[in-house]
Amino acid sequence: MLSCSIRTLRRLKCCCNKRWSSLLLAKGYCFSKPKVVPSFCNTDIKFSRFYVGERQSSLRQWRRRSLYTVTDAYEAIELALDSVVKIFTVSSSPNYFLPWQNKSQRETMGSGFVIPGKKILTNAHVVADHTFVLVRKHGSPTKYRAEVQAVGHECDLAILAVESPEFWEGMNFLELGDIPFLQEAVAVVGYPQGGDNISVTKGVVSRVEPTQYVHGATQLMAIQIDAAINPGNSGGPAIMGNKVAGVAFQNLSGAENIGYIIPVPVIKHFIAGIEESGKYMGFCSMGLSCQPTENVQLRNHFKMQPHMTGVLVSKINPLSDAYGVLKKDDIILEFDGVPIANDGTVPFRNRERITFDHLVSMKKPNETALVKVLRNGEEHAFTITLQPVSNSFKGVVFTSMVKMSGDLQVKFSLMLQLQPLVPVHQFDKLPSYYIFAGLVFVPLTQPYLHEYGEDWYNTSPRRLCERALRELPKRAGEQLVILSQVLMDDINAGYERLAELQVKKVNGIEIKNLKHLCQLVENCSRESLRIDLDDDRVVALNYESARIATSWILERHRIPSRMSIDLLSEQNSLLMDSAE
């Protein structure tokens, strides 16, 4: 996928109302017709099923939308007033340096709107790590308790439910529309910072393409608009005509009036998965890293004919279904019958192109795709089952340079959701830990590295940071376990300098994850316990003395348990199984 560099990601911010935000509030709103008539290309009709509509159908849609008048706009806003709600969230995120406790609770605000089925749609980052959620409808002084029914952190969407019948009196739901064309007018409705009442800002569509979703650290289709999207706007609808064109979710810091909304196809995919399975299913992936084949010598080297176009497979996730089907150095020519250009894009609407991984992400879980590849100069067709990938990461793979905001150079990559060894986020989940003899062991995660501050990429341990961004798992359930800190005691004196090193082995056995390490230590039958770390460092402890010291250390530091709840549950189940 197209993914931004670390430097560029810092400029993208999710727009819930947080203390660090200090953006100006856009005041007032107005409405106008689209300024530019879109032009339509004579692309071969065989690609039309992958457009939003065929060429003439798109033209009819635009003509119909171009009748969007001031009266229609005000009617749409009146409809939104009975649909858009203000969301009040109390949340408490984990402390990854001290994983047995949470950070201080904080209060944030966002927006949401009613959809069919008496549900409220909002952003996932508005309710992330929530402990209590309230909603208030427009014109009402009463706040109602809301429950989070489903969350998709990957696509930054969430669904809330309110049980109170009183809340639903007079409320109207908003219908989902289509992807807007360039220069079409949209109105963003929500509750941004700077006031307590509802706010409406107007803008036009500037761009439609895959964009980095900051909250979920993933790459999905997004719509760029020039309407002001400020903290508090998150979760509010972008109205076009009398339907929703998208959900406001982030802006580009350092730039004026550049906001992003989640488009309808992503929203429908999220809702459909929940309706079919009762839970969030995620977005599908092939688990590949690909390289463009824009260089003529590169195409000749891999025996591509002049009429052939495609991308080069450079890496395959060992845990993906494509592993064992596709091979390194394969050229992917087509995906489900759609030819892939040498830059990794496919036709999209009128004279627009989009990376082909958008076609992959819109597939349903367990759905198959027909992939045409060139291998050693011969064409092959393979059927691959697609699966969703959580905690996906898109790293920099090739160096196609693009200018943004003057002199800023940004690297992009084509990566189809390679799942990293180190998870990118851990929302709504308590961190795992294990303490023995004052040695605190945790699985490495990016949220752990974020504890080093906003500039974590430069201030966190360089070796851990590089592994977090680059390494892939070799087997299911694999974790990178580190010694995060040493709670000082006579039993561990001298080992404090070994903090932040990776744990390799316990008593000569290579560990797979934190649960495996816990089992090896708990079931140790030797007099001496040996733990091998990175850089060939060794920790040796008298096992019985270390067990006794562990209790004193936990009491001294007021730590309720030597292991996290998930490990404790696992240990209890193992004890029950052995007792039977």
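Computation of the quantities below employed the complete heavy-atom set of this structure, encompassing side-chain atoms and omitting hydrogens, waters and symmetry-equivalent molecules. For reference, positions follow the sequence shown, starting with 1.
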Looking at [Y], is its backbone amide N or carbonyl O close enough to the side chain of [X] to form a donor-acceptor pair, meaning the two atoms are under 3.5 Å apart?
X    : Y    : value
S277 : G273 : yes
D226 : V204 : yes
D330 : V313 : no
D428 : D129 : yes
S83  : N172 : yes
Q291 : S314 : no
E154 : L220 : no
D156 : H125 : yes
T89  : V126 : yes
T445 : P423 : no

With [X], which residues qualify under ring pair (Phe, Tyr, Trp, His ring centres under 6.0 Å), at least two apart?
X    : result
F97  : Y448, Y452
Y433 : W100
H269 : F283
F270 : Y280

Counting only heavy atoms not in Q101, do more than 12 fall under 6.0 Å of its CD?
->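 It does: Q101 CD has more than 12 such atoms within range.
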I565 atom CD1, over 12 foreign heavy atoms within 6.0 Å =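 Incorrect, the count does not exceed 12.
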If you round to the nearest 0.5 Å, how far is [atom2] of [Y] from [atom1] of [X]?
X    : Y    : atom1 : atom2 : value
E209 : Q224 : CD    : CD    : 7.5 Å
Y434 : S564 : OH    : OG    : 11.0 Å
I229 : N251 : CD1   : CG    : 7.0 Å
E367 : D336 : CD    : CG    : 8.0 Å
K315 : C290 : NZ    : SG    : 12.0 Å
I271 : I159 : CD1   : CD1   : 5.0 Å

Could you tell me which non-hydrogen atom of [X] sits nearest to which non-hydrogen atom of [Y], and how far apart they are?
X    : Y    : answer
A124 : H153 : CB-ND1, 3.8 Å
S234 : T122 : O-OG1, 4.2 Å
I225 : V186 : CG2-CG2, 4.0 Å
V266 : C155 : CG1-CB, 3.9 Å
I223 : A245 : CD1-O, 3.9 Å
C284 : K363 : SG-O, 3.3 Å

Compare all side-chain heavy atoms of [X] with those of [Y] and state whether any distance is below 4.5 angstrom.
X    : Y    : answer
L252 : Y260 : yes
L359 : I354 : no
L319 : P473 : yes
V133 : E147 : no
L449 : V422 : no
V442 : I482 : yes
N123 : I262 : yes
P347 : V338 : yes

Results of salt bridge (Lys or Arg N to Asp or Glu O under 4.0 Å) for K103 - residues two or more places apart only |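 K103: salt bridge (Lys or Arg N to Asp or Glu O under 4.0 Å) contacts with E451.
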Only pairs at least two apart or in different chains count here, so list each salt bridge (Lys or Arg N to Asp or Glu O under 4.0 Å) that has a residue in [range].
range            : answer
residues 91-101  : none
residues 93-102  : none
residues 264-281 : E276-K364
residues 80-91   : K86-D196

Describe, in one word, how the ring planes of F348 and H358 are oriented to each other, choosing from parallel (under 30°), tilted (30 to 60°) and perpendicular (over 60°).
->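 F348 and H358: perpendicular rings.
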So, Q387 and N366: side-chain donor and acceptor under 3.5 Å apart, yes or no?
->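 The criterion, which ignores hydrogens and geometry beyond distance, is satisfied for N366 and Q387.
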Any donor-acceptor N or O pair under 3.5 Å, side chains S432, D566 |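 The criterion, which ignores hydrogens and geometry beyond distance, is satisfied for D566 and S432.
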Could you give me the CA-CA distance, side-chain angles and deciding distance for L288 and N317, then say whether side-chain contact (heavy atoms from CB on, under 4.5 Å) is met?
-> CA-CA 6 Å; L288 303 177; N317 192 332; over 6 Å; no
Carefully, step by step, assess I261 and V247 under the rule side-chain contact (heavy atoms from CB on, under 4.5 Å).
-> CA-CA 5 Å; I261 62 176; V247 178; 5.9 Å; no
K372: side-chain contact (heavy atoms from CB on, under 4.5 Å) partners, not counting sequence neighbours |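 By the side-chain contact (heavy atoms from CB on, under 4.5 Å) rule, K372 matches L333, E334, E379.
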Set of side-chain contact (heavy atoms from CB on, under 4.5 Å) partners for F132, sequence neighbours left out =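 For F132, the residues satisfying side-chain contact (heavy atoms from CB on, under 4.5 Å) (neighbours in sequence not counted) are V90, L134, R145.
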Is the ring centre of F249 less than 6.0 Å from the ring centre of H215?
->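 Between F249 and H215, the centre distance exceeds or equals 6.0 Å.
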Can you check side-chain contact (heavy atoms from CB on, under 4.5 Å) on V371 and V325, steps first, answer last?
-> CA-CA 10 Å; V371 180; V325 178; over 6 Å; no
Name all pairs fulfilling the ring-ring contact (aromatic ring centres under 6.0 Å, His included) condition that reach into residues 154-179, sequence neighbours left out, sorted by first residue then second.
->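 For residues 154-179, and leaving out neighbouring residues, the ring-ring contact (aromatic ring centres under 6.0 Å, His included) pairs sorted by first residue read Y144-F167.
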Give the intermediate values and the outcome of side-chain contact (heavy atoms from CB on, under 4.5 Å) for residues M286 and L326.
-> CA-CA 10 Å; M286 290 181 67; L326 300 182; 4.1 Å; yes
